[in-house]
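Note that these values count all heavy atoms, side chains included, but never hydrogens, waters or copies made by symmetry.
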Amino acid sequence: MIKLSGIHKTYQGVQPLHVLKGIDLHISKGEFVAIMGASGSGKSTLLNILGILDDYDEGEYLLDNTPIRHLKERVAAHYRNRMIGFIFQSFNLIPFKDAMENVALPLFYQGVSRRKRNELAMQYLEKVGLRDWAHHYPNELSGGQKQRVAIARALITQPRIILADEPTGALDSRTSVEVMNLLKTLHQQGMTIVVVTHESGVAYQTQKIVHIKDGIIERIEDNVDPTASPFGNGTIMK
Amino acid sequence: MDVLYEIWGSVMRNKMRTLATGIAVASGLFLMIVLQGAGNGIIHTFNRNQSGFSFDALHVWGGWTSLPFDGMERGRRIVLDHRDEGMVNLRFPNETKGVTSIISQSGLTASYGTEYLAGVELEGIHPRYAEMSALKVIQGRMIHELDVSERRKVLLMSEKREKELAPRGKSLLNEYLLIDGKYFRVVGIYEDDQMSSQTTLYTPYTTVQTLYGKGTAIDELMISGKGLDTEEKNESFEFRLRQGLGSIHSFHPEDQSAVWIWNQARDNEMMNRASSILQVSLWVLGMLTLLSGVVGVSNIMLIAVKERTREFGIRKALGATPWNIIRMIIFESIIITGIFGYIGMFAGVAFCSYMDASVGNRTLDFGVDKMQYFVDPTVDITTCLWATLVMIVSGAVAGFFPAHKASRVKPIEALRA
């Protein structure tokens with residue numbers, strides 16, 4: 001599903017910053033992967049590249065066999081819309097839209113009619129257990145609920161992959177568990193999910209952990225039994 | 001439709017901003033409309049007070065020669081006569097629509113019972129006079145051919161003079177006025193205009209001719225031109241007319257004072273030019289006022305775009321193309337300018353109507369003469385349509401820079417916690 005080979009990225013500036021120094025990574029369809037690293041390790045940059053939010057200088061990125069390189073903004077927007085579902089640390093819901101409208105927003109950019117997309121949005125809200133909150137605005141929802149709305153929004157376009165950037169970063173441990181369980185359920189349904197985190201508790205919920213340090217992949221760890229995490233099942237150490 | 005719904009959300013969300021922006025535009029448009037209305041009031045006043053002369057006629061009166069000609073001294077009196085009409089018809093068939101002679105007798109007194117009017121003038125006309133001037137009969141009838149051929153003592157009088165002679169609102173139609181010892185029957189009442197003194201009583205040409213022994217002499221020659229639409233054509237026509245009259249009355253063709261020619265077409269031309277200059281300058285003023293509103297909108301939209309950076313980032317991350325964003329902002333701008341522009345426009349139109357109702361009907365009365373100084377200070381539908389177009393364009397212009405800026409927002413912004 002994702003094929004990265006020799007990805008380099010340098011941020012130009014007064015002092016150019018070589019952030020990614022040759023990343024090779026394969027993620028197959030249906031995998032649940034965590035990218036771990038300390039801040040400044042380059043993991044966010046990697047996620048930006050994966051999410052077609054940023055371009056890279058060298059190497060090759062194939063997303064579902066589609067080469068992603070130097071895309072025009074219009075095309076990039078199209079790919080993001082169709083292929084990628086984003087989940088952000090700070091939820092990034094639009095404050096003046098209610099839960100349903102937030103979920104429906106990606107379909108607006110596909111030109112789906114309002115009735116159709118609201119209908120679909122309600123279905124996806126039901127999946128994340130928030131049907132009754134459909135007409136609440138983000139400021140009327142708890143952190144966990146907001147993140148579930150965001151997950152519903154990420155799913156509504158039926159993307160190839162879900163990219164989650166510190167999805168539990170702004171949540172307490174109980175709601176973190178809720179959100180991770182939701183992601184696990186999605187994984188069981190066959191979704192490819194990439195989570196970027198610096199919390200090992202989150203990382204150990206996944207199948208494969210990619211450790212990044214100083215712009216290169218330090219090691220890839222297979223987490224055969226996520227339930228056997230050092231922190232025990234059903235909790236996330238915050 | 002869907003886009004509008006999307007925009008409505010953000011317009012309603014930023015109520016304070018929307019209101020602030022809107023007031024700038026609304027006041028701009030309000031001023032623009034009021035200026036237009038006031039300008040129209042002045043222009044309409046010109047036209048109304050001019051309406052007595054609103055036809056493009058040439059008037060010719062006899063004068064005194066100022067150049068010696070053909071062995072004759074200067075200072076001779078030139079009296080126009082019946083030959084002149086024939087000469088015009090013969091020489092200028094393609095440049096005239098009509099020509100008519102007028103003779104008049106002034107310094108008369110007209111009385112009805114115990115009431116009287118002093119200083120009236122009997123003007124002897126032909127029926128065709130009505131078509132060449134702004135004379136408008138509102139009661140009774142015009143002088144017609146039979147009146148002329150039978151030299152009937154009939155007359156037309158103005159509405160206002162009728163009221164003066166018959167103070168209790170009695171109609172004088174078909175009543176007899178005593179003028180200079182002779183009875184004249186009133187056959188028609190003509191509409192007052194704002195400018196002329198309305199002491200003229202119109203009567204058949206032949207009646208004045210016979211009663212006052214005018215012979216073949218006439219007092220005024222009135223010519224209505226055809227196709228005299230440029231300055232040069234008018235000048236050339238006047239020159240040749242003078243020449244033609246000179247050949248009949250033996251005066252030098254260059255003699256400017258032998259006959260007096262007053263060309264209304266040229267007067268109107270000047271008036272029209274003045275009106276259009278006024279109109280254009282009012283548009284410019286109005287546009288500048290509106291421009292300040294537009295700059296305000298643009299400014300506030302720019303700030304709003306800055307505030308909403310995150311929102312645009314999110315939208316782009318979710319698949320909005322730059323064009324989606326640009327379109328959203330520009331439409332938003334057009335909607336704000338449009339809605340508030342219309343509010344301003346309606347307020348302006350309402351204010352114009354108020355002006356129309358209050359000062360619009362006020363007149364300056366000089367006794368014999370009456371003058372309206374602010375007629376119908378309103379704007380027409382064309383102005384409103386133009387204003388709408390201006391609003392849409394200015395909304396788009398106001399939205400352009402903010403939109404461009406918003407479209408450049410990088411979606412990474414949205415990822416920053």
Testing the basics here: between [X] and [Y], what is the closest heavy-atom pair and its distance to 0.1 Å?
{"X": "Leu318(B)", "Y": "Asn81(A)", "answer": "O-ND2, 2.7 Å"}
{"X": "Phe88(A)", "Y": "Ala317(B)", "answer": "CZ-CB, 4.1 Å"}
{"X": "Ala320(B)", "Y": "Ala77(A)", "answer": "O-CB, 3.5 Å"}

Tabulate, in ascending numerical order, the residues of residues 322-343 of chain B having at least one heavy atom closer than 4.5 Å to a heavy atom of chain A, or enter 'none'. Pro322(B), Asn324(B)

Just wondering, are more than 12 heavy atoms of other shown residues or ligands nearer than 6.0 Å to CZ in Phe96(A)? yes

Inspect the surroundings of CH2 in Trp386(B) and state if more than 12 heavy atoms from other residues, nucleotides or ligands are less than 6.0 Å away. no

Pairs of heavy atoms under 4.5 Å with chain B: top-ranked of Lys97(A), Arg82(A), His78(A): Lys97(A)

Counting only non-hydrogen atoms closer than 4.5 Å, does [X] touch chain B with its backbone (N, CA, C, O), its side chain (CB onward), both, or neither?
{"X": "Ile84(A)", "value": "neither"}
{"X": "Arg117(A)", "value": "side chain"}
{"X": "Gln110(A)", "value": "neither"}
{"X": "Phe91(A)", "value": "neither"}
{"X": "Val196(A)", "value": "neither"}

Any chance you could measure Leu53(A), atom CG, to Ile412(B), atom CD1, to the nearest 0.5 Å? 6.0 Å

Within this structure, what is the CG-CZ distance for the pair Asn92(A) and Arg315(B), rounded to the nearest 0.5 Å? 12.5 Å

Where along residues 62-76 of chain A does a heavy atom come under 4.5 Å of chain B, listed by residue number? Glu73(A), Arg74(A)

Is the closest side-chain heavy-atom distance between Asn48(A) and Lys410(B) below 4.5 Å? no

Do Arg80(A) and Pro411(B) have side chains that approach each other closer than 4.5 Å (heavy atoms only, starting at C-beta)? yes

Do Ser90(A) and Arg310(B) have side-chain atoms, one donor and one acceptor, less than 3.5 Å apart? yes

